[in-house]
Amino acid sequence: MECSVFNCLRCSNCCFFNDERDMPILLPHEVYYLKILGRNLGLKLEFKRLDNGLYKWIIHGYCPFYDERAKSCRIHLEKPFACRMFPLLMDIASGRVVASQQCTWIKKCESSISNIANNPEKLVEVFPEETIALAELIEIFYNTDSVIAIAATTKTIDNVLVKLSEKCSILKHIESKTIENLHLILLSKCSEKYIEELIGEDNIQFIIIEKPKF
């Protein structure tokens, strides 16, 4: 089997849970966004807030967004960092990155990638998409003083983005493929006062969520 670049074997191990220790850790804005997607699909989701301000996504059995027949994620382009990074796992406290032994590809290729965690260039080479997600998480979690997440349902998103970029730094913009006209925008270097002024001016409803503080 080819072990030079990670290739999902669709074993579904990453989407099935029976031990809370293995369940995904989420940022607060991800919890809010998933709740919106879940309501749209008629799903009931459960989350547990941790002492550090992060959340544990409580899943018993298959993930509610997992399509067992198609063996795929129904929100693939909108899924949280923990899912986008898999099979890479990062310890928030130490920043240490390891590969999950729950992944069938990892088990089959273990001998070929045994020391990959100590070689950043090799890590990127073997896990190109997953390390992009990892880099985004690091930027948002470690390299910004504060992050504001905005969930907006609007057809005039281009105008909103232009106005936000005038006084804020846009870290990420996700356009939902599940809910029409729904957008998630992550901002830094932005004041809540400016957001409130923008809400009043454009008559757009936003939800503002600050990242956990350690």
Side-chain angles (χ1 to χ4, degrees), residues 8 15 24-45 47 53-55 57 63-67 70 72-86 88 90 124 127-213:
C8 177
C15 301
I25 301 294
L26 306 182
L27 298 177
H29 76 266
E30 294 178 318
V31 172
Y32 176 75
Y33 191 66
L34 287 175
K35 285 181 178 178
I36 295 175
L37 298 179
R39 284 197 300 268
N40 183 72
L41 296 173
L43 302 174
K44 183 178 180 181
L45 308 181
F47 304 95
L54 296 172
Y55 286 79
W57 188 0
C63 170
F65 295 105
Y66 182 70
D67 185 333
S72 62
C73 176
R74 288 187 283 175
I75 59 167
H76 178 68
L77 298 177
E78 305 164 66
K79 59 189 181 183
F81 285 116
C83 302
R84 290 178 56 209
M85 289 167 45
F86 196 87
L88 301 182
M90 185 179 75
V124 173
F127 299 98
E129 297 297 325
E130 293 71 28
T131 50
I132 288 175
L134 175 61
E136 290 181 6
L137 175 61
I138 291 172
E139 176 65 24
I140 291 172
F141 197 82
Y142 294 104
N143 299 336
T144 55
D145 293 331
S146 63
V147 174
I148 295 177
I150 298 177
T153 304
T154 175
K155 294 181 180 179
T156 59
I157 190 62
D158 290 340
N159 293 334
V160 173
L161 292 172
V162 169
K163 291 180 179 180
L164 288 173
S165 64
E166 291 176 354
K167 296 186 178 182
C168 308
S169 175
I170 299 177
L171 298 174
K172 190 173 184 62
H173 168 220
I174 298 175
E175 180 177 2
S176 177
K177 305 301 180 184
T178 307
I179 303 177
E180 186 177 4
N181 298 320
L182 175 66
H183 302 264
L184 178 69
I185 307 167
L186 300 185
L187 306 169
S188 67
K189 302 177 182 178
C190 191
S191 72
E192 291 190 20
K193 182 179 179 180
Y194 180 66
I195 299 295
E196 291 170 356
E197 292 174 352
L198 186 60
I199 294 172
E201 181 180 341
D202 287 354
N203 194 29
I204 298 170
Q205 293 185 345
F206 292 93
I207 299 297
I208 301 174
I209 309 171
E210 291 194 12
K211 78 167 190 176
K213 299 186 184 301

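Heavy atoms only: backbone and side chains are in, while hydrogens, waters and symmetry mates are out.
- The shortest side-chain heavy-atom distance between Phe47 and Leu34 falls under the 4.5 Å cut-off.
- Side-chain contact check for Leu161 versus Ile185: some heavy-atom pair is nearer than 4.5 Å.
- With sequence neighbours left out, the side chain to side chain donor-acceptor pair (under 3.5 Å) criterion links Ser169 to no other residue.
- Closest heavy-atom contact between Ala82 and Pro24: CB-CB, 4.0 Å.
- Contact check for Tyr194 versus Lys163: side-chain heavy atoms found under the 4.5 Å cut-off.
- In this structure, NE2 in His29 is found 12.0 Å from CD1 in Ile150, a value given to the nearest 0.5 Å.
- Heavy atoms only, all atoms of each residue included: Pro64 and Leu43 are closest at O-CD1, 3.5 Å.
- Put simply, the side chain of Ile138 reaches to within 4.5 Å of the side chain of Met90, judged on heavy atoms.
- Glu30 places none of its side-chain heavy atoms less than 4.5 Å from the side chain of Tyr55.
- Contact check for Leu37 versus Leu182: side-chain heavy atoms found under the 4.5 Å cut-off.
- Side-chain contact between Thr178 and Arg74 is absent, with no heavy atoms from C-beta onward closer than 4.5 Å.
- The neighbour count for Glu180 CD, taken as heavy atoms of other residues, nucleotides or ligands under 6.0 Å away, does not exceed 12.
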Exercise. How far apart are the C-alpha atoms of Leu27 and Leu137, what are their side-chain angles, what is the distance that settles it, and do they pass the side-chain contact (heavy atoms from CB on, under 4.5 Å) test?
Worked result: CA-CA 9 Å; Leu27 298 177; Leu137 175 61; 4.0 Å; yes

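- Of all the heavy atoms in Ala151 and Tyr32, the pair that sits closest is CB-CE2, 3.3 Å.
- Separation of atoms CG (Asn181) and NZ (Lys155) is listed at 6.0 Å; rounding is to 0.5 Å.
- For the residue pair Ile174 and Leu77, the shortest heavy atom distance occurs at CG2-O, 4.5 Å.
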For this session: Could you walk me through whether Leu26 and Tyr33 pass the side-chain contact (heavy atoms from CB on, under 4.5 Å) test, one step at a time?
Result: CA-CA 11 Å; Leu26 306 182; Tyr33 191 66; over 6 Å; no

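- Contact record, Trp57 with Cys63: CH2-SG, 3.7 Å, taken as the closest heavy-atom pair.
- The side chain to side chain donor-acceptor pair (under 3.5 Å) search around Ser176 returns Glu78, not counting sequence neighbours.
- Screening Ile157, Leu187, Leu184, Val160 for a side-chain contact (heavy atoms from CB on, under 4.5 Å) with His173, the sole residue that qualifies is Ile157.
- Taking Glu136 as the reference, Arg84, Lys172 meet the side chain to side chain donor-acceptor pair (under 3.5 Å) condition, with sequence neighbours excluded.
- A disulfide bridge connects Cys190 to Cys168: their SG atoms sit within less than 2.5 Å of one another.
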